[in-house]
**Student:** 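One structure follows; several queries about it will come next.
In the text below, chain A, chain B and the rest are named by the order of the sequence lines, each starting its count at 1.
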Amino acid sequence: MKKEIWMVVILVLVATVSSGVLGFVNVTTRPIIKRNEVRKLRESVLESVNVQFEADNLVNKFESEFRAEELGGKDIYFRYDDEGNLTGVTFEISGSGFQGPITAIISLKPDLETIVGLEILDHQETPGLGARITDEDFLRQFNGKIVRPEILVVTDAGDEENKVDAITGATRTSKAIQGIINDTLSEVQTNILTDKVMERFSHE
Amino acid sequence: MNNTKDIFTAGLWEDNPVFRQMLGLCITLAITNKVANGLTMGVAVFFVLTASSFIVSLLGDSVPRRVRIPVFMLVIATFVTLVYMFLRAFFMPLSQALGAYVGLIITNCVILGRLESFSSENTPWDSVVDAAGVASGFGLALIAMSVVRELLGFGSLFGVQVLGSGWTPWVSMILAPGGFLVLGLLIWVQRAISPVEEG
Amino acid sequence: MRYISVLIAAIFAHNIALRYFLGWCPLVSQSKKLSSAWGMGVAVTLVMTITSAVNWPVYNYLLVPYGLEYLQYIAFIIVIASTVQVLEMVIERFFPSLYTTMGVFLPLITVNCAILGVSLFMILRDYTLLTGIVFALGSGIGWSVAIVSLASIREKLRFADVPKPLQGPGITMLIAGIMAFAFLGFSGMVGIK
């Protein structure tokens, strides 16, 4: 009997120590992870409209380029030219990928149909296969494409203005991206960035 | 086996965990279609293996036989979670590239195997040397696999195109079958260079 | 219908061994003989289904409400190790004949990455409890299909003239590669979601 008790004591002891260590490390790394997420968001927003920035002027650049508004519980970033005319709209899109959730940043022209740029924020796709959605070669294809009636990620896209090439060997992840773009866009257009809202924000 | 150098090189080559002992195959097969992923995983396993070897060699005989495996698994799981948090905090793109496979280091039988058969019965110094050798052997296998697969499957190394635009990528190399075939062929090469002794 | 498609997908198109490379250490070491392949397959399917049925509520009701998701690896490993321990004792006590054939495989299962992998994938993919269990059952069957086919091929191979350095693990990997090609043919048939 004494042996059994010793067994349980050892197990509980090891489990307690390891949970304690992990709890401590979690508390120390969480703010860093949080800060990285904010930085990654700003970088992705800037990259999606192809604005150059340095690590030390990220915050300034971000604040001078964009005007952030919370509409319908969603952060929307508006961009204006020197005369105060609206030149673009940027927001986060998300949905389920093949393995887990995918979140991305999409920038559109004020027509809400022409894609200016796409950047992936987070995903859990298969290493080397679906994970290649973060590759520049894949993402750059979206620039200038038009979501009308919807964007299609297909095997052989050709030059059509609403089609891009899928990732070889990762058809499902590619289709997931297609679904996320189309679904979020139509959702945002009907519920948040309606014609009336766009009218209100069209001039600064 | 008390000589530090012998302990180290045994793990690296003659008893290579992947080519000789056929351990840790899930990770070896799954994440080796890009060299950067293989290298990160190699470093992560190196850290987890040496750190948990050290702890287990300190615990030594105080762990009762029946709960040895659960206790060892707990130690490993703790270090793996640390690696996961560390990657998430400082190397986000790499953490994203490895996905769920970071968690699977826990069940990497290379690690539990070393803890069971070596660290629990040897001094901390020998255990750490042994762990470093075995982990380096594991890393060697990961890098060898990923160099072949990335080169043929993408025509690149570390994401840099080296085979030129005329190269037609062998898509099957980055998919599951390529992993098995390359590993099979590398085992062949390794065993041809230093044959398995009859026993 | 949804459950059937997840089940079929987990067995064929998304076979845990041949698509996700999980559980390969026992796949190589236990596929020399067909009889041990069967024993291992049954044991893995059983443990996989039970552990994911336990891990799902542990994650969603014990860890998530308290923000302890970072303890998931530790929690899952404790569940898996204790399930294996309890199962071993139960089988030894009540099914002694089964214990003599299957008992030796059970301790090996704690370190089978397919078991932990299935629990992790289930959480990542945001399955409901029932879908998770069906997915685990399908993955277990899929894993058994892989190990039994592999063992059958290896038994036939005894009469083949394989170069010496390639014998054993080497040729096993090449067979697995060809099997993986065959299983690629299932992809696109049914989705995992």
**Student:** Check each atom of B:Tyr101 against the heavy atoms of chain C and say whether the ones under 4.5 Å are side chain, backbone, both or neither.
**Tutor:** side chain
**Student:** Tell me which of these, C:Cys113, C:Pro163, C:Ala114, C:Gly23, has more heavy-atom pairs under 4.5 Å with chain B than the rest.
**Tutor:**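 The answer is C:Cys113.
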**Student:** Taking 4.5 Å as the heavy-atom cut-off, does anything in residues 49-65 of chain C contact chain B, and if so which residues?
**Tutor:** none
**Student:** Given side chains that start at C-beta, do those of B:Leu74 and C:Ile74 come closer than 4.5 Å, heavy atoms only?
**Tutor:** yes
**Student:** Just verifying a value: how many Å separate B:Cys26 SG and C:Leu27 CG, rounded to the nearest 0.5 Å?
**Tutor:**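 The CG atom of C:Leu27 is 9.0 Å from SG of B:Cys26, to the nearest 0.5 Å.
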**Student:** Under a 4.5 Å cutoff for heavy-atom pairs, which residue among B:Gly113, B:Gly103, B:Cys109, B:Pro177 has the most contacts with chain C?
**Tutor:**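 Sorted descending by pairs with chain C, the first entry is B:Pro177.
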**Student:** Under 4.5 Å heavy-atom distance to chain C, tell me which part of B:Leu185 shows up: side chain, backbone, both or neither.
**Tutor:**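 It is both, since atoms from each part get that close.
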**Student:** Is it the side chain or the backbone of C:Ile115 that comes within 4.5 Å of chain B heavy atoms, both, or neither?
**Tutor:**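 For C:Ile115, neither part sits under 4.5 Å from chain B.
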**Student:** In Å and rounded to the nearest 0.5 Å, what is the CD1 to CD1 distance from B:Ile187 to C:Ile171?
**Tutor:**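 Going from CD1 on B:Ile187 over to CD1 on C:Ile171, the span is 10.5 Å.
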**Student:** So what's closer than 4.5 Å to chain B heavy atoms on C:Gln72: side chain, backbone, both or neither?
**Tutor:**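 Nothing of C:Gln72, per the 4.5 Å heavy-atom cut-off to chain B.
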**Student:** Which answer fits C:Ala17, side chain, backbone, both or neither, if we ask what part of it has an atom under 4.5 Å from a heavy atom of chain B?
**Tutor:**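 Looking at C:Ala17, just its backbone touches chain B.
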**Student:** Need one label for B:Leu181: side chain, backbone, both or neither, based on atoms under 4.5 Å from any heavy atom in chain C.
**Tutor:**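 Both backbone and side chain of B:Leu181 come within 4.5 Å of chain C.
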**Student:** Give, as side chain, backbone, both or neither, the part of C:Ala180 having an atom under 4.5 angstrom from any heavy atom of chain B.
**Tutor:** both
**Student:** Any side-chain heavy atom of C:Leu120 sitting closer than 4.5 Å to one from B:Leu104?
**Tutor:** yes
**Student:** Side chains of C:Met173 and B:Leu25: closer than 4.5 Å at any heavy-atom pair?
**Tutor:** yes
**Student:** Rounded at 0.5 Å granularity, tell me how far CG in B:Leu183 sits from OG1 in C:Thr172.
**Tutor:**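 It is 10.5 Å, given to the nearest 0.5 Å.
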**Student:** Quick one: pull up SG in C:Cys25 and CD in B:Gln21 and give me the separation to the nearest 0.5 Å.
**Tutor:** 10.5 Å
**Student:** So, taking the atom named CD1 in C:Ile77 and the one named CD1 in B:Ile106, what distance separates them when rounded to the nearest 0.5 Å?
**Tutor:**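 Answer for the CD1-CD1 pair, C:Ile77 versus B:Ile106, is 5.0 Å.
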**Student:** Name the region of C:Phe121, side chain, backbone, both or neither, that has any atom closer than 4.5 Å to a heavy atom of chain B.
**Tutor:**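 Contact with chain B is through the side chain of C:Phe121 alone.
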**Student:** With respect to B:Phe180, which candidate in C:Phe21, C:Phe181, C:Phe183 satisfies the ring pair (Phe, Tyr, Trp, His ring centres under 6.0 Å) definition?
**Tutor:**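 Going through C:Phe21, C:Phe181, C:Phe183 one by one, the ring pair (Phe, Tyr, Trp, His ring centres under 6.0 Å) with B:Phe180 is satisfied by C:Phe21 alone.
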**Student:** Using the ring of each side chain (for Trp, its six-membered ring), is B:Tyr84 parallel, tilted or perpendicular to C:Tyr73, with breaks at 30° and 60°?
**Tutor:** perpendicular
